[in-house]
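Read through the structure below, which is laid out as structure tokens, and then see the notes.
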Amino acid sequence: MQHKSFGLVLAGGGARGMAHVGALRALNHLGYYPRVVAGVSIGALVAATYSLNPNWYQDLREMDVSGFPRLPAFKTHGLKEKLKSFVLAGRDLKSLTFGWGIGAHTVDWGRSVIEDLTLGKDLQQGRVKTLITATDILSGERIIKTKGHAVDAVYASSAIAGILPPFEDGKHLLVDGGYSDSSPVDIVRNAGVDHVITLDPGQRISDHPPQNGLDVFLRSIEITHKAFSRSRYEHADLVLTPHYDAQIGLFDFQHTGRCIAAGAKAVKSAAPQLRELLAPAQSDAEMLSAE
């Protein structure tokens, strides 16, 4: 199907970002194929895999999630479970204070997962132009990766502070791309496409009051992220917004199927807007014959 060119921005969002997988699948099913994909954090993983791996959908759906760190669950019932949570919390506090974060021991596992998903390729080998963003923790600037080993770019874009060690890249020390720009609409616009579509994997802030300081901390990050993202979405031509039927946390990857389905449903719901936005322009001859 012929359609206007468009670029797709896949924002961060932890486990909810798996909605990008369903959205891409649904777009392709409707005959829409992006010319450019830009990814942040989990969006970087999906963007690079989509671009570099012909079996991208199945491989992402079956991605090994066993090594993702789990946050301490202080809301558990029973003395044994509560004591276990406090022991884990103490270990995590130690790793934050004397190391690089609670997921530092999973780095090799995480890089191997990215390597498998992206087939060990470089970004410039993608079937579409691929843009990955990260944040230089030394300068605060946004760093855009368009070439080089996909594993390094995706890891850098996903290195959440306090969870994973930063990635050393020459003079830069790179962490999660969402800290400097959660939805880089401008870099896709500058790539020369007709339209920019972004997918927002965020969800409504829970009505339930926070239970402890960790809850407050995580919710504060979520609020800041949403506020910044809204300012970026104003510059997109269409924003796809999945709706989830449950609250899904940063590392709740047991809900991968639910998130993929939400992304697909968001595209199907937006089908009329997509048709209007991406319909190819009529040629002069077609316009004259129509008259």
Nearest 0.5 Å, what's the CD1-NE2 distance between Ile260 and His255? 13.5 Å
May I ask you to test the Leu138-Lys171 pair for a side-chain heavy-atom distance under 4.5 Å? no
Under the side-chain hydrogen bond (donor to acceptor under 3.5 Å, both in side chains) test, residues paired with Arg127 that sit two or more places apart: none
Asp59: what forms a side-chain hydrogen bond (donor to acceptor under 3.5 Å, both in side chains) with it, not counting sequence neighbours? Asn53, Asn55
Determine the minimum heavy-atom distance between Thr118 and Ala48, stating which atoms define it. CG2-CB, 3.9 Å
Do Ser41 and Asp176 have side-chain N/O donor and acceptor atoms under 3.5 Å apart? yes
Exercise: identify the closest heavy-atom pair between Tyr244 and Pro201: OH-O, 2.9 Å
Report yes if some heavy atom in the side chain of Ser157 is under 4.5 Å from a heavy atom in the side chain of Leu45; otherwise report no. no
Ion pair check, Asp169 and Lys145, cut-off under 4.0 Å: yes
Might you point out which heavy atoms bring Ala19 and Pro242 nearest each other, and give the distance in Å? CB-CG, 3.8 Å
For Ile132 against Ala47, the heavy-atom pair lying closest together: CD1-CB, 4.5 Å
Taking atom CD as the centre, does Gln124 end up with more than 12 heavy-atom neighbours from other residues, nucleotides or ligands that are less than 6.0 angstrom away? yes
With side-chain hydrogen bond (donor to acceptor under 3.5 Å, both in side chains) as the test, pick out the partner of Arg142 among Thr133, Thr135, Asp186. Asp186
side-chain hydrogen bond (donor to acceptor under 3.5 Å, both in side chains) filter on Tyr50, not counting sequence neighbours, yields Asn28
Who pairs with Gln273 by side-chain hydrogen bond (donor to acceptor under 3.5 Å, both in side chains), at least two apart in sequence or on another chain? none
Salt bridge or not for Asp237 and Lys4, using N-O below 4.0 Å? no
Quick one: does Leu24's side chain get under 4.5 Å of Pro34's, heavy atoms only? yes
Solution key, residues 5-14 side-chain donor-acceptor pairs under 3.5 Å, sequence neighbours excluded:
| unit_1 | atom_1 | unit_2 | atom_2 | d |
| --- | --- | --- | --- | --- |
| Ser5 | OG | Asp194 | N | 2.9 |
| Ser5 | OG | Asp194 | OD2 | 3.2 |

d(Thr130 OG1, Lys121 NZ) to nearest 0.5 Å is 11.0 Å
Do Leu123 and Val154 land in one hydrophobic cluster if side-chain heavy atoms of ILVMFWY residues count as linked below 4.5 Å? no
Taken in chain and number order and not counting sequence neighbours, the residues that satisfy ring-ring contact (aromatic ring centres under 6.0 Å, His included) with Tyr32 are His3
Donor-acceptor check, side chain of Arg258 to backbone of Arg16, threshold 3.5 angstrom: yes or no? no
Salt-bridge criterion met for Asp122 and Lys147 (N-O under 4.0 Å): no
Is a donor from one side chain sitting under 3.5 angstrom from an acceptor on the other, for Thr198 and Ser183? yes
Does the side chain of Arg61 come within less than 4.5 Å of Arg25's, by heavy atoms? no
Atom pair CE (Met18) and CD1 (Ile248), whose distance is rounded to the nearest 0.5 Å: 11.5 Å
Which heavy atom of Ala38 sits nearest to which heavy atom of Val188, and what is that distance? CB-CG2, 3.5 Å
Could you grab the distance from atom NE2 of His29 to atom NZ of Lys268, nearest 0.5 Å is fine? 6.5 Å
Any chance CZ of Arg35 has more than 12 other-residue heavy atoms, nucleotides or ligands included, within less than 6.0 Å? no
Quick one, Asp200 and Leu240 - any side-chain contact, counting heavy atoms below 4.5 Å? no
Going by heavy atoms in the side chains, are Val37 and Leu131 under 4.5 Å from each other? no
In terms of heavy-atom contacts, Trp56 and Thr49 come closest through CB-O, 3.4 Å
In this structure, OG of Ser158 is separated from CD1 of Ile114 (nearest 0.5 Å) by 5.5 Å
Rounded to the nearest 0.5 Å, what separates atom NE2 in His195 from atom CG in Leu274? 11.0 Å
Going by heavy atoms in the side chains, are Phe167 and His172 under 4.5 Å from each other? no
Asp64 vs Trp109 side-chain heavy atoms within contact, under 4.5 Å: yes
